Participant: 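Take a look at this one; I'll ask things after.
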Amino acid sequence: MKNSDIATVFENIADLLDLKGDNKFKIRAYARAAQVIHHLPEEMELMHEEGKDFQDITGIGDAIAKKSMEMITTGKLKFYEDLKAEFPKGIINLLDIPGIGPKTAYRLATELNVGSVDQLEKAIKDGRVASLERMGEKTAANILHSIEVFRRKDRRIPLGEALPIVEEMLNSLRHIAGVQNLMPAGSLRRFKETVGDIDLMGTADDPESVIQAFVKLPQVREVLSQGPTKASVILPKGLQADLRMVEHEDFGSLLQHFTGSKEHNVALRTRSQKQGLSLSEYGITDIKTGKVEKFADEESFYRFLGLQYIPPEIREDMGEIALAEKNAIPRLIEIGDIKGDLHIHTVSSDGNDTLEDMARAAKALGYQYLAITDHSSGRNITADKKIERLTGQIAEIKRLNQSIPGIYLLNGVEVDIRADGSLDLPDEVLTELDIVVASVHSSFLQDRATMTNRIIGAIKNPHVDIIAHPTTRKIGEREPADVDLEAVFRAAAANGKALEINAMPDRLDLKDLHAYRARELGVMLAICTDSHATWHLNMMRFGVGVARRAWCQHKDILNTLPLKDMLEFLKRRPAG
DNA sequence: GCCGTTTTCGGCCCGACTGTTTTCAGTCG
């Protein structure tokens, strides 16, 4: 069983125990364990093989370790099967409806025999829900509305779509006189790959004027609510955005609170309680004296707790608080550390811009180098022309390297790893190039062993430098390939090959947790945009966001190397 | 069920909102 399956079982156990009215701290322990397992960088199956003790994981004790083991060895859990049998079938589905918690779900299932969302809708419409004790017309109507919202609920929006909209809005609002702070909080600020809704926070001399401008922005499709300090609106794609204007002296506490993650904040509060402090969005209260400390910025908030400042991207309760106590949070990679892009396309394959355009755009970003890595096959490249194309590219790069000073172009290719594991170009061609990026673009549905061997085969080819978008996923479009990433990571580390963090917002591949694990295993990572147009080069920051969420430093990322070291690195390739 | 700088028992995160109450339970973020 995969970690995600195990985590789901514990989540469901927490829900079922909640339905039962069991001890709430026991319930929290299961829910917490589910969270922890969901965020584990390594599969528990593998940890088991390696003889690691699950109880060393914070949040997992004797009971949950044993239950996890049972699931890994037998594929199921008797405790869970027995527990499920105590309830009407489908009761857990009711908990997906906003506004329905365990108490309500249990009553609906037992008193009205409701076991699905459809049945619930019927029960509301024929008046049975409103007739229950401590329920009424209003509650029933609210649940019905929640069902409607649930049914048409759009999936989470990719960060790459949400962030530009938000930035555009904030930039217009920043021009209003008296605005002091204005920024996103929530998962957007933490650079999660998708966002549910958008939290914006600000301070201003005249907060109401900012609210009024906010609801009139051209991006706003619908105003849900509007008050003197807070407004909620609907943006394109059904995205909800809340703007909250607060007192200047409270900004740090509120920003910290609304940035989350929830898990990070819970861990912070638990820790603070032991110091006699109570945390809330309004500040830090000394429990004995009742004195409330306020914070205008986050730095002073963390400092007051005796903690180093924690970057938003790693506020996930993955050990960052313990490190902050020791002042040991590393300096995470920043966009300014990136010295070049190692994966881009031009009109020679399926790109929109010429080699020269791409070179000048990269130079404008301050890069020292740019690798030209058009596809080995596909659009614009017939099988008999692919070697001829490369010969032409080599000549043009030689010319441009003389005519455009300040940026060094690398002769490269993105070579297909074919279904049978062979590369789309012969070794004697690859050896003529400065850099070779290899990737899968076909037969995405191969079984795990075949796909894993296919990728590891490419890693072992001495001419290959980087494996691009290792899982081939596209967010909301294509599931990741079934591949044993742990094996791929170990092979990459052993062979000194880099794996890509593809920075395009619809890919972000490797994703945060995978990159985290790869880094742990000593794999060199390369953040590349896979640009198909000049403006795509700006997507680098999304890849940097993933790398920061993976706790990557300067030294973990290949393309932080200055040109001289990069050329040195590439020299290890076998000469022709 | 988990955990330990008030350790092996006795604790366990905080505040707002809503609806249905007349002092609060349930749900959410």
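Quick caveat: nothing in here was measured; it's all calculated off a predicted structure. Chain identifiers are assigned alphabetically (A, B, ...) following the order of the sequence lines, protein sequences preceding nucleic acid strands; residue numbering begins at 1 within each chain.
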Participant: What do the steps show when you test A:Glu42 against A:Asn3 for side chain to side chain donor-acceptor pair (under 3.5 Å), and what is the final call?
Facilitator: CA-CA 8 Å; A:Glu42 190 179 358; A:Asn3 287 355; over 6 Å; no
Participant: Using atom C1' in both nucleotides, what's the gap between B:dC12 and B:dC17 to the nearest angstrom?
Facilitator: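 To the nearest whole Å, 24 Å.
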Participant: Under 4.0 Å, heavy atom to any atom of DNA chain B: which of residues 262-271 of chain A qualify?
Facilitator: A:Val266, A:Arg269, A:Thr270
Participant: Using a strict 4.0 Å threshold on nitrogen-to-oxygen distance, state whether A:Glu121 and A:Lys125 make a salt bridge.
Facilitator: yes
Participant: Closer than 3.5 angstrom, by distance alone: can the side chain of A:Arg507 be matched with the main-chain N or O of A:His469 as a donor-acceptor pair?
Facilitator: no
Participant: State, without any angle test, whether A:Ser116 and A:Asn93 hold a side-chain donor-acceptor pair at a distance under 3.5 Å.
Facilitator: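 Checked: A:Ser116/A:Asn93 side chains show no N/O donor-acceptor pair below 3.5 Å.
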Participant: So does A:Glu137 have more than 12 non-hydrogen atoms from other groups sitting under 6.0 Å from CD?
Facilitator: no
Participant: Categorize A:Ile97 for me: base, sugar-phosphate, or nothing, with a 4.0 angstrom heavy-atom threshold over every strand shown.
Facilitator: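 Sugar-phosphate, backbone atoms only, no base.
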Participant: Using the six-membered ring wherever Trp is involved, compare the ring planes of A:Tyr106 and A:Phe87 and label them parallel, tilted or perpendicular (cut-offs 30° and 60°).
Facilitator: perpendicular
Participant: Would you mind reading off the distance between A:Gln256 atom CD and B:dC14 atom P, rounded to a whole angstrom?
Facilitator: 14 Å
Participant: Which part of the nucleic acid, if any, lies within contact of A:Lys66, taking any heavy atom under 4.0 Å across all strands shown: a base, the sugar-phosphate backbone alone, or nothing?
Facilitator: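 Nothing, no heavy atom under 4.0 Å.
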Participant: Any salt bridge between A:Glu486 and A:Arg490, counting N to O under 4.0 Å?
Facilitator: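 Counted as a salt bridge, because a side-chain N and a carboxylate O are separated by less than 4.0 Å.
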Participant: I'd like the C1' distance from B:dA25 over to B:dT20, given in whole Å.
Facilitator: 9 Å
Participant: Could you label the plane-to-plane angle of the A:Trp551 and A:Tyr516 rings as parallel, tilted or perpendicular, counting under 30° as parallel and over 60° as perpendicular?
Facilitator: perpendicular
Participant: For the residue pair A:Tyr309 and A:Tyr302, categorise the inter-ring angle as parallel (less than 30°), tilted (30 to 60°) or perpendicular (more than 60°).
Facilitator: perpendicular
Participant: May I ask you to verify if any side-chain N or O of A:Lys24 is less than 4.0 angstrom from the OP1 or OP2 atom of B:dG1?
Facilitator: no
Participant: Under a 4.0 Å threshold between the charged nitrogen and the carboxylate oxygen, would A:Asp317 count as salt-bridged to A:Arg32?
Facilitator: yes
Participant: Pull out every protein N or O sitting under 3.5 Å from an N or O of nucleotides 3-10 of chain B, one pair per line with the distance.
Facilitator:
unit_1 : atom_1 : unit_2  : atom_2 : d
B:dC3  : OP1    : A:Gly59 : N      : 2.4

Participant: Around atom NZ of A:Lys24, are there more than 12 heavy atoms of other residues, nucleotides or ligands at under 6.0 Å?
Facilitator: no
Participant: Which nucleotide, B:dC2, B:dC12, B:dG15, lies nearest any side-chain atom of A:Ser280?
Facilitator: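 So the side chain of A:Ser280 is nearest to B:dG15.
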Participant: Let's test this: given Watson-Crick or G-U wobble pairing with both distances under 3.5 Å, identify the partner of B:dC3.
Facilitator: B:dG10
Participant: In whole Å, measure the gap between the P atoms of B:dC14 and B:dC9 for me.
Facilitator: 26 Å
Participant: Is the glycosidic angle of B:dT22 within 90° of 0, making it syn, or outside that range, making it anti?
Facilitator: anti
Participant: Any base atoms under 4.0 Å from A:Phe25, or only sugar-phosphate, or nothing? Heavy atoms, all strands.
Facilitator: base
Participant: Identify which nucleotide among B:dG1, B:dT27, B:dG15 has an atom closest to any side-chain atom of A:Ala63, counting heavy atoms from C-beta outward.
Facilitator: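 Nearest to the side-chain atoms of A:Ala63, counting from C-beta on, is B:dG1.
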Participant: If I pick the C1' atom on B:dG1 and the same atom on B:dT5, what distance separates them, to the nearest angstrom?
Facilitator: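 To the nearest whole Å, 23 Å.
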Participant: Enumerate all atom pairs, one protein N or O and one N or O from nucleotides 16-22 of chain B, separated by less than 3.5 Å.
Facilitator:
unit_1 : atom_1 : unit_2   : atom_2 : d
B:dG19 : OP1    : A:Asn142 : ND2    : 2.8
B:dG19 : O3'    : A:Thr139 : OG1    : 3.0
B:dT20 : OP1    : A:Gly136 : N      : 2.9
B:dT20 : OP1    : A:Thr139 : OG1    : 2.8

Participant: Determine the interatomic distance between P on B:dT8 and the same-named atom on B:dC3; round to the nearest Å.
Facilitator: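 Rounded to whole Å, the distance is 16 Å.
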Participant: For A:Ser278, which contact category applies under a 4.0 Å heavy-atom criterion: base, sugar-phosphate, or nothing?
Facilitator: sugar-phosphate
Participant: Is any side-chain N of the basic residue among A:Arg315 and A:Glu320 closer than 4.0 Å to the acidic one's carboxylate O?
Facilitator: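 Salt bridge flag = no for A:Glu320 with A:Arg315.
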